[in-house]
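Heads up, the thing below is written out as structure tokens.
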Amino acid sequence: MKIRILLYAGLREAVGSREIEMELPGPLTPLEIAERLAAQYPRLGPHLKTLAFAVDGEFVPARVVLTQARELALLPPVSGGEQST
């Protein structure tokens, strides 16, 4: 599965780019994709627990299994908001 990953705010700074394309094997969850990206960009790791995800423009849970997706947005919490657990 080839997917374009969009990064915003501090995530963009952690990775050094606003978007990345990755070729990934088989079905994965958005969180698993973010974990793979964090393995390549360790500065992304501290953000993993607070991310929200959008797939092809729709918000999705972190653990939904993706079989097809063109675009995954990694979204940091909005400033001043509470973190969900």
Side-chain angles (χ1 to χ4, degrees):
M1 167 171 60
K2 187 173 185 176
I3 190 165
R4 183 169 62 144
I5 301 172
L6 305 178
L7 303 142
Y8 297 94
L11 307 177
R12 181 183 303 171
E13 295 170 14
V15 172
S17 180
R18 64 186 295 186
E19 70 177 63
I20 292 176
E21 283 198 6
M22 291 181 78
E23 184 72 37
L24 299 165
L28 293 170
T29 68
L31 181 58
E32 289 171 331
I33 294 170
E35 289 170 343
R36 286 175 182 245
L37 191 60
Q40 294 178 7
Y41 300 94
R43 290 178 54 204
L44 188 60
H47 300 279
L48 290 178
K49 291 184 178 180
T50 61
L51 292 177
F53 301 96
V55 174
D56 295 334
E58 301 285 332
F59 283 98
V60 297
R63 299 199 184 277
V64 68
V65 176
L66 305 176
T67 55
Q68 289 288 327
R70 291 179 292 173
E71 184 179 279
L72 171 65
L74 305 185
L75 305 161
V78 176
S79 179
E82 288 186 34
Q83 296 178 358
S84 63
T85 54

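Keep in mind the model is a prediction, meaning the values are calculated, not measured. In what follows, residues are counted from 1 in the order of the sequence shown. What's counted below: heavy atoms across the whole structure, side chains too, no hydrogens, waters or symmetry copies.
- For residues 26-38, no residue pair satisfies the salt bridge (charged side-chain N to carboxylate O under 4.0 Å, His left out) rule, not counting sequence neighbours.
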Table please: side-chain donor-acceptor pairs of residues 11-18 below 3.5 Å, with sequence neighbours left out.
| from | atom 1 | to | atom 2 | distance (Å) |
| --- | --- | --- | --- | --- |
| Ser17 | OG | Glu19 | N | 3.4 |
| Ser17 | OG | Glu19 | O | 2.8 |

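- Grouping the Ile, Leu, Val, Met, Phe, Trp and Tyr side chains by contacts below 4.5 angstrom, directly or via other members, places Leu74 apart from Tyr8.
- A continuous path of hydrophobic side-chain contacts links Leu24 to Val55 [ILVMFWY only; heavy atoms under 4.5 Å].
- Linking ILVMFWY residues whenever their side-chain heavy atoms come closer than 4.5 Å, directly or via other members, places Val64 and Leu37 in the same cluster.
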For this session: Show your reasoning for whether side chain to side chain contact (heavy atoms under 4.5 Å, CB included) applies to Tyr41 and Ile20.
Result: CA-CA 11 Å; Tyr41 300 94; Ile20 292 176; 3.7 Å; yes

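- No path of Ile, Leu, Val, Met, Phe, Trp and Tyr side chains, each step under 4.5 Å between heavy atoms, connects Phe53 with Leu75, placing them in separate hydrophobic clusters.
- One hydrophobic cluster, built from ILVMFWY side chains closer than 4.5 Å, holds both Leu72 and Leu48.
- Heavy atoms from other residues, nucleotides or ligands lying under 6.0 Å from CD of Gln40 number more than 12.
- Residue pairs meeting the salt bridge (charged side-chain N to carboxylate O under 4.0 Å, His left out) criterion with at least one partner in residues 57-72, sequence neighbours excluded, are Arg4-Glu71.
- Heavy atoms only, all atoms of each residue included: Leu44 and Ala38 are closest at CD2-N, 4.0 Å.
- Rounding to the nearest 0.5 angstrom, the gap separating the CE atom in Met1 from the CD atom in Glu23 is 9.0 Å.
- At least one side-chain heavy atom of Leu66 sits less than 4.5 Å from a side-chain heavy atom of Pro30.
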